[in-house]
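All values below come from the heavy atoms of this structure, side chains included, with hydrogens, waters and symmetry mates left out. The structure presented is a predicted model; accordingly, all values stated were derived computationally and were not measured. First listed ligand is number 1; within each ligand, the first listed atom is number 1.
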Amino acid sequence: MTLFYKSTRDSENVVSASQAILQGLAVDGGLYVPTEIPETDLDFKHLANQSYQEIAALIMQLFLPDFTQEELYECINKAYDQKFDNQEITPLVKVGDQYYLELFHGPTLAFKDIALSILPHLMKKAAQKNNMAKEIVILTATSGDTGKSAMEGFADVKNTRIIVFYPESGVSPIQKKQMITQKGENTFVTAIKGNFDDAQRKVKELFNDENLRSKMADNNKVFSSANSINIGRLVPQIVYYVYAYTRLVKSGQIESGEEVNFSVPTGNFGDILAGFYAKKIGLPIRRLICASNQNNVLTEFFQTGNYDRNRPFYVTSSPSMDILVSSNLERLLFYLTKEDTVKTKQLMDDLNKRGNYKITAEMKSALSDFFADFASEKETEQTIREVYEKENYVIDPHTAVATCVANKYEEKMLPTIILSTASPYKFPQAVLQAINNEGEKAEGIAALNKLETFAEIPVPAAIEELENAEIKHNDKISAEEMTHYVEKVLNLK
Ligand SMILES: *Cc1c(COP(=O)(O)O)cnc(C)c1O
């Protein structure tokens, strides 16, 4: 049997892996999930001697069967090269009695680079495979990191364009600067008056807008997504869970087959869902720790079975997790309902109409793969300080949320791998505030230099260059104007 993808809202909507990557979101509004979990026998001792790229080829082949090994290697070698400032791509670092999987060594200093540096290459191959000659237009809502990372990946890629929407007051100063200085003739980015959820909801509407879709077709264009609703984002993220585990085997910290926990700072539920798939194909994971910030809608969901987005929205020091509608949770619901597309659709309709839904006791009992909790702003700050004072290791606020929640988890006997999703240099004010009480005072390059004295690793070039980078994008619109903005940018008639 070959693996295909089907929509979480319609089991008749079945497409190949490459078509799922091209479409991003299913036309019925659902998300694509594999029609089966690939069978495999992971030999961790053998994998311990393989490189990141080799493990990527193995794992991605399982989920993308209509790509050849040769094609995958071509994509992998273009993605995971000198753009990453560490040969290991995602190095695993022991800090005290925990492990940090550093996912921030790519060009924009956040974990989104792992998937977004390969997605454009996968998409190009997918277009060739399906004889698709249309221009691919990527629509992306960002809570701060996806936007820059996706533009960096798609900039000047032939036959593609990318339009990014970011919340005007929901991203860090460096995140904003990274986006508005983006180069590339085919990149467009605008601020939205509203928060990430407003932008994401509207982007989903644009995908499903029949009128717009037919205009796009008339102009020989087609939409796709670089958000984690695209399986082309999720699959490359499964790789580093496996990679991290094999490094523990390699260094003799665990025996092959021993269980571990992963703590994942979570917003849109994409990163942790990749871990869920890693577990499903046989990675020995006991618990996936779902760590939220003050926007703790997921903590409540895992603890009570109620999902309710009708709550205050907080702008926190970990802005990439300031999300109340976690898109990828739909894929988990699909599994919790035992792959029932009717029930999944019902729950998502409830969420759309009422802003909440409740799962059954039976569904809730299937949540034992997860532990969920959240870190307040104060706890996040304290965690940054404690890790620095105890271990002389500087972490960013998102990573601190994951550390704090991992420490709240009571069964601590197993090795815990904390996903470190952003470089501290991306959030210098918050980090300096935590370490030295100086967040307010330090700005711009001075803050970076100050942070350097604590972190004892050089300021990454990508951040330093921002100081004098030319501003190229100045737009600001309301969410209602997004349709018009897209039509204007694409010159749709
Ligand atoms: C996007 C992001 C997250 C959250 O990841 P999800 O896949 O949306 O759950 C966490 N930390 C950082 C730094 C991010 O950019």
Side-chain angles (χ1 to χ4, degrees), residues 31 90 100-116 119 140-150 152 164 166-167 170-172 174-176 178-179 196-197 199-200 225-238 240-241 262-278 288-299 301-302 316-332 370 372 374-375 380 384 395-405 418-427 430-431:
L31 308 189
T90 63
Y100 284 89
L101 183 62
E102 294 187 345
L103 300 173
F104 55 75
H105 288 276
T108 77
L109 311 181
F111 93 96
K112 308 287 200 299
D113 288 336
I114 311 286
L116 284 166
L119 182 67
T140 289
T142 184
S143 57
D145 287 328
T146 295
K148 174 65 183 181
S149 190
E152 196 66 26
V164 169
Y166 71 90
V171 301
S172 85
I174 287 187
Q175 287 176 320
K176 179 171 175 185
Q178 281 184 316
M179 287 191 277
F196 170 75
D197 290 315
Q200 174 161 266
S225 167
N227 282 99
S228 51
I229 52 177
N230 194 320
I231 60 115
R233 267 281 298 274
L234 278 182
V235 171
Q237 292 177 182
I238 302 171
Y240 49 73
Y241 284 89
F262 281 91
S263 184
V264 190
T266 296
N268 223 2
F269 209 73
D271 200 2
I272 195 166
L273 191 79
F276 182 70
Y277 280 117
L288 290 157
I289 300 174
C290 177
S292 301
N293 66 21
Q294 191 78 45
N295 295 296
N296 55 2
V297 60
L298 286 168
T299 308
F301 170 72
F302 279 101
T316 72
S317 59
S318 45
S320 304
M321 296 154 66
D322 290 343
I323 293 176
L324 294 180
V325 182
S326 293
S327 290
N328 274 293
L329 199 63
E330 178 168 349
R331 287 185 164 111
L332 183 66
F370 297 89
F374 75 101
T380 304
I384 296 174
I395 55 177
D396 99 289
H398 302 76
T399 309
V401 168
T403 305
C404 177
V405 174
I418 294 162
L419 299 201
S420 182
T421 50
S423 158
Y425 283 110
K426 235 175 156 169
F427 306 93
V431 176

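- Near Asp145, meaning under 4.0 Å from one of its heavy atoms, ligand 1 places the atoms 12 (C), 13 (C), 14 (C), 15 (O).
- Remark: side-chain polar atoms of Arg331 are paired, donor with acceptor, to backbone N or O of Ile229 under 3.5 angstrom.
- Looking from atom 7 (O) of ligand 1 to the surrounding protein, the closest heavy atom is Asp271 N, 2.8 Å.
- Smallest separation of non-hydrogen atoms from Gly270 and Asn328: CA-ND2, 3.5 Å.
- Aromatic ring pairs are classed by plane angle as parallel below 30°, tilted from 30° to 60° and perpendicular above 60°; the pair Phe427 and His398 is tilted.
- Put simply, the side chain of Phe276 reaches to within 4.5 Å of the side chain of Phe370, judged on heavy atoms.
- Polar contact with ligand 1: absent for Thr266 (N/O pair, distance under 3.5 Å).
- Atoms of ligand 1 lying under 4.0 Å from any heavy atom of Met321, numbered from 1 in the order shown and given with element: 10 (C).
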- request: Give the intermediate values and the outcome of side-chain hydrogen bond (donor to acceptor under 3.5 Å, both in side chains) for residues Asp322 and Ser143.
  value: CA-CA 7 Å; Asp322 290 343; Ser143 57; over 6 Å; no

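- Under a 4.0 angstrom heavy-atom cut-off, Ser228 registers as lying outside contact with ligand 1.
- Taking any N or O of Ala422, backbone or side chain, none lies under 3.5 Å from an N or O belonging to ligand 1.
- A side-chain donor-acceptor contact under 3.5 Å links Asp113 to the backbone of Thr108.
- Residue Gln178 is tested with Lys426, Lys148, Glu152 for a side-chain hydrogen bond (donor to acceptor under 3.5 Å, both in side chains); the sole match is Lys426.
- Shortest contact from atom 14 (C) of ligand 1 to any protein heavy atom: Lys112 NZ, 2.9 Å.
- Among protein heavy atoms, atom 6 (P) of ligand 1 sits closest to Asn268 N, 3.5 Å.
- Under the 3.5 Å distance criterion, the side-chain polar atoms of Ser263 are matched with a main-chain donor or acceptor of Ala402.
- In Phe111, the part holding a heavy atom less than 4.0 Å from any atom of ligand 1 is the side chain.
- Which parts of ligand 1 touch Gly270 is read off a 4.0 Å heavy-atom cut-off, strictly below it: atoms 6 (P), 7 (O), 9 (O).
- Annotation: Gly267 places an N or O atom under 3.5 Å from an N or O atom of ligand 1; distance criterion only.
- Of all protein heavy atoms, the one lying nearest to atom 10 (C) of ligand 1 is Pro265 O, 3.5 Å.
- Between Thr421 and ligand 1, a contact under 3.5 Å exists for at least one N or O pair.
- The closest donor-acceptor contact from the side chain of Ser420 to the backbone of Leu101 lies at 3.5 Å or more, if one exists at all.
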